[in-house]
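To start, the structure under review is shown below, and the notes come after it.
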Amino acid sequence: MLLRARATIGSALGLVLACAPAPESDADEAAAPVLAEITDLDPDPGRLRAILVAEPAVLDYLPAGPAAVWAYRDGGDPDAVARVPGPLVRVARGTMIEIELRNALPVETTIHWHGLRVPATQDGTPSAQVPVPPGGSFTYRFEARDAGTFWFHPHVDAATQIERGLYGALVVEDDVASAEDFEADRVFVLDDVKLEADGTLSSTTDALDLMLGRQGNVLLVDGVRRPTLQAGAGTRERWRFVNAANGRYFRLRLQGARWLELASDGGPLPAARELDTVLLVPGERRELAVELPAAPDTALLLETLHTDRGHDVPDPGPLPLMDVVLQDPGESAPPLVWVGPDIAPLPVPGPASTRTLVLSEDDEDASDPRFYIDGLAFPETLPIMVPAGTVERWRVRNDAQMDHPLHVHGLFFQTLDPSGVPDVAAGWKDTINIPRDASVELVARFDNIGQWMVHCHILEHAERGMMTMLHVMP
Ligand code: C2O
Ligand code: CU
C-alpha cells in the first residue's frame, strides 16, 4: 500500500513541476512590504474598533499576470484596497477588540482568531456561530488577554478560503523588551501559492494536494515573492513569523546573522534562546531577535530548508524567501536583556490518567484520502469532554506516514519532554508538530468554558476528517 501511495505522489509531482512558473533564481527585487495597520475607529486607547471586509481582489504575484484572490480590506480606511495578508491588527495587551467582519464574498465565511484565548462564542468556528452569509456581517468582541503573535483566518471551507488569500496577522505587544532594543519590529507572514505560468491561481486540486496539503510553487513573504529587505548593518531587529500555508513546513535560516528566539505561539519565553534554524509548521508562530552582521553592502538570504515530513513530500530546499541587504551601519545595539515571564510548569498527571489521541490516515484511494482522530473522521469523531479547571495530560500519537501539525483552540499547552517534565523553556504552545510514527505529550489547564475545535492545521487534512470537538464543561 505504501509503495502504491508513493507511486501516486511521484506522478502527481510531475503535475506540480509542469505548472511551475519562472525559475526561483531571478529575484523580483520587490521591496519587502510593510503591512499596513488596520484603522482604529475608536479614539479610546484601551479599545480597538475596526472593520474587515472579505472580498474578491486581483493581485500580481507574478509579473506574467494577475491572480484573482480573496482578501481582507481595511473597511475603516476609504482608500484601502484588499491585499494578502490582510491589514495588521496591532494592540497593547488588555485592549478590548471589536472587529466587524463584512462578507463581500460569494460564499459564507467567518473569522477565527488563531491562538487568542477569546470567549468561545467569538472563536469564529461553525460551532461558535452561524457562518456569515454573502452580504452579511458579524462583530467579534474579545479582550487581547495574552501578548504574542497571532493570526486570523476563516474557519469555513478553510482549505479553500485561506489558500485564496484570507488571512492576516494580529500582534499583541509585550513589555519584556522596549522598542529601543530593536531597530525595527517586523511581521512576516509566510505562505505558498500554486500558480500557473500566467500568474493565475491554479484551479486544480490534485491527489497530491489532498494528501499533503496544497503545496504552492511560489513562496510568499507578506504576499510578495522573494522581496528585498533593507536593514542596518550591525543592528538588531525583531522578526515575527507566521506560517499561513495550507501544508508547507518552513525551516528558516538566515546564514550570517545571529538568531535568538524570543517568543513562541503563546507569547514571550522566560529566556531568549540562540538557534540556527526555525521549524515553523502550518499555524505556528515564532518571534526572533535578529542580530545582523556589521558589514554594510552585504546581502544575506532568508531561506527555507528541505524538511522531510513523510510520504516523500516533494520539498526541495534550500529555497530563497527574502533577500536582506545591509545598509550603512545603524546604531549598534547593546546586548539584549530579555527577562521574560516566569512560566510555572503545570502539575503533570500520572501516565495512568493520560488521555490518548491517535492520528491516522487512509490513503487506499489516493484521490480521496481520509484522515482520522481515534479512527473516526469529523464530524463522526467523539467530542473530548473536560470539566472546567481540570489539568489533563494528552499523549498525541501519530500512526500515519506523515507529520501532522495539531492545533487546539481556546487554550495554550505546555509540551512534555521525554521524561514527562513540562518544557517551559519552549513557552506556551497552541500548535505543534506531531512527527509520523511518534508521540508528543502535552499538558493543559482547561479553563476556557465552551466548545472548541482540535484539528490538524494541514487544512486539507482537517477538512477530510482530522478534526474533533473539545467541550470544556462548566
Ligand atoms: Cu488556525 Cu482551527 O485554526
Ligand atoms: Cu495532518
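For the single chain, residues carry numbers from 1 onward in sequence order. Atoms within a ligand are numbered from 1 in the order they appear, just like the ligands themselves.
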Quiz item: Rounded to the nearest 0.5 Å, how far does CG of Leu101 lie from CG of Asn103?
Solution: 6.0 Å

Quiz item: Do you know which N/O/S atom name in His404 is closest to the Cu ion (ligand 2)?
Solution: ND1

Quiz item: If we ignore angles and hydrogens, is there a donor and acceptor under 3.5 Å between the side chains of Glu261 and Trp259?
Solution: no

Quiz prompt | Sequence-distant partners of Arg93, side chain to side chain donor-acceptor pair (under 3.5 Å), two or more places apart | solution = none

Quiz prompt | Polar protein atoms (N, O or S) that approach atom 1 (Cu) of ligand 1 to under 2.8 Å | solution = His114 ND1, His153 NE2, His457 NE2

Quiz item: Does a donor on one side chain and an acceptor on the other come within less than 3.5 Å for Asn246 and Glu460?
Solution: yes

Exercise. Apply the test side chain to side chain donor-acceptor pair (under 3.5 Å) to residues His112 and His153: give CA-CA distance (whole Å), side-chain angles for both, the deciding distance (0.1 Å), then the verdict.
Key: CA-CA 5 Å; His112 166 58; His153 62 72; 4.7 Å; no

Quiz item: Under the side chain to side chain donor-acceptor pair (under 3.5 Å) criterion, do Glu284 and Thr431 qualify, and how do the steps go?
Solution: CA-CA 6 Å; Glu284 238 184 343; Thr431 307; over 6 Å; no

Practice problem: Could you tell me whether the Cu ion (ligand 2) has an N, O or S atom of His457 under 2.8 Å away? | Solution: no

Self-check item: the Cu ion (ligand 2) - closest N/O/S atom in His461
Solution: ND1

Quiz prompt | Option from Thr200, Val84, Val224 for which side chain to side chain contact (heavy atoms under 4.5 Å, CB included) with Tyr61 holds | solution = Val84

Quiz item: Which N/O/S atom belongs to His409 and is the closest one to atom 2 (Cu) of ligand 1?
Solution: NE2

Quiz item: So which heavy atom on Val189 is nearest to which on Ala169, and how close?
Solution: CG2-CB, 4.0 Å

